[in-house]
Protein chains: 2
Amino acid sequence: MAKARVPKRPYHHGKLREALLEEAERILNKRGVDGLALREIARRVGVSHAAAYHHFEDRDGLVCALAARGFERLASDLAAGARRADGPAGFDEMGVAYVAFAARRPGMFRLMFGPEAAAGRADPEIRANVDAAFSILLEGARTIVATPGDDRAVRCVALRAWSLVHGLASLLLDDQLSHHGLALRDHERIAREVLAARRLLL
Amino acid sequence: MAKARVPKRPYHHGKLREALLEEAERILNKRGVDGLALREIARRVGVSHAAAYHHFEDRDGLVCALAARGFERLASDLAAGARRADGPAGFDEMGVAYVAFAARRPGMFRLMFGPEAAAGRADPEIRANVDAAFSILLEGARTIVATPGDDRAVRCVALRAWSLVHGLASLLLDDQLSHHGLALRDHERIAREVLAARRLLL
DNA sequence: ACCTGAACACCGTTCAAGT
DNA sequence: ACCTGAACACCGTTCAAGT
């Protein structure tokens, strides 16, 4: 019998970057950004701890790459939300979708807006995804504003709406509301209640 | 000449807990929660790296103690804000004060609501301070609601207002708005603009 | 072009021992 | 009651060397 000559994994992984990001996201969902350790990710993917540095500048580089993916998904979730209803009601649905995104992916949500991804705010890949998400928000704001041509008014409404849902999502995730009988699991009902002030954002 | 017999610092520090917290806050303001290292804090206070464990259960314990101080200051800032104007306008001032607190102490603000202080949400010392801050918010909400006796309505307004200012503060700190011409340094003007929808929170 | 192992300078945490 | 030093098991990051 010939000895096992074929190594289980070839020296070159082939799609290590992808594999690292996927493993990272698994850990992110379970233990949050602070639980993300480059060495552990490499270990679990079955590669040396130094290998990751051929695909990311450093730990923050990987965090930024994750953030880029997050904003991509957020944009698509927001667009899907807007499609659930016509006109102004579609804007409410976007808000509900925003909070739902945070509730479904708390680790990712915190990572996207956290200080470790701050370096990536300038990165063109991330910027493009962030801008895409923001454009969807602007379009939504345009549908509820009295003068859709007034860009300043549209941006003001968008800022209020973003602040409102971002704050609600953050407070829910950070467990600040459960002592007032508002549980994370009821995020959809709570979001609708908070957004009932919609025409009041104007 | 007698040799220096009096040690610079006695074996027992006396108020080590205080000293550690103060040094921690200095670092917190400069480098954020992630920059907080128990060993470095001890080193700078001039004490062994294990000494801190006689005053805090672990690193999260120190973070929670910092959070308790933070909520105390937030409550006093909010109260001071409310005193700046009578009636409903006082509620706006509270919102401005909330955002100003975040802008002045970004590291502290993030720590207070971040995942590392999550363990402390149950701690009675922190709870008392959080509840004190929340009570001030509720009182403010009561002044702008049409039916101050309707507790449900008051809490709903409070939640909207809190979400709005918390979201705005977070987005400003996390540098999500600077690309839209909204700089952290203009936090007061921006907060007033966003809060101009006050009577619309109802 | 991509991956490895050893090395370095940090951490958090524990614990027996000192004052 | 409070503090120390050594020890352990982790990190992130770098770099010469391997394939």
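Chain letters run A, B, ... following the sequence lines, proteins first and then strands; every chain starts at 1. Please read all numbers here as calculations on a predicted model, not as lab measurements.
Here the side chains of A:L66 and A:L62 are in contact, with some heavy-atom distance below 4.5 Å.
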Q) Can you check side-chain contact (heavy atoms from CB on, under 4.5 Å) on B:R110 and B:D174, steps first, answer last? A) CA-CA 10 Å; B:R110 273 196 273 243; B:D174 294 340; 2.4 Å; yes
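Crowding of B:R84 atom CZ: a count of heavy atoms from other residues, nucleotides or ligands under 6.0 Å exceeding 12.
The distance between the ring centers of A:H180 and B:F134 falls below 6.0 angstrom. The six-membered or imidazole ring of B:F101 lies away from that of B:H187, with a centre-to-centre distance of 6.0 Å or more.
The nearest whole Å value for the distance from the CZ atom in A:R17 to the P atom in C:dA1 is 17 Å. Atom NE2 in B:H55 sits roughly 8 Å away from atom C1' in D:dC3 (whole-Å rounding).
Panel note: side chain B:R142, backbone B:D151; no donor-acceptor pair is recorded below 3.5 Å.
Where DNA chain C pairs in unbroken runs of 3 or more (Watson-Crick or G-U, both distances under 3.5 Å), the stems are C:4-8 with D:12-16, C:12-16 with D:4-8.
In this structure, CG in B:L20 is found 6.5 Å from NE2 in B:H55, a value given to the nearest 0.5 Å.
Sorted by residue number, the list of members of residues 27-34 of chain A with any non-hydrogen atom under 4.0 Å from DNA chain D is empty.
With respect to B:L177, the side-chain contact (heavy atoms from CB on, under 4.5 Å) criterion is satisfied by exactly one of B:L168, B:I190, B:L184: B:L168. With B:C64 as the partner, the side-chain contact (heavy atoms from CB on, under 4.5 Å) test is satisfied by one option alone out of B:D58, B:D123, B:I126: B:I126.
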Q | Under 4.0 Å protein heavy-atom contacts per nucleotide of nucleotides 10-19 of chain D, with B for base, S for backbone only and - for none | A | -BBBBB--BB
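Ring-plane geometry between B:H166 and B:F113 is classed as perpendicular, the angle between the planes exceeding 60 degrees on a 0 to 90 degree scale with a lower cut at 30.
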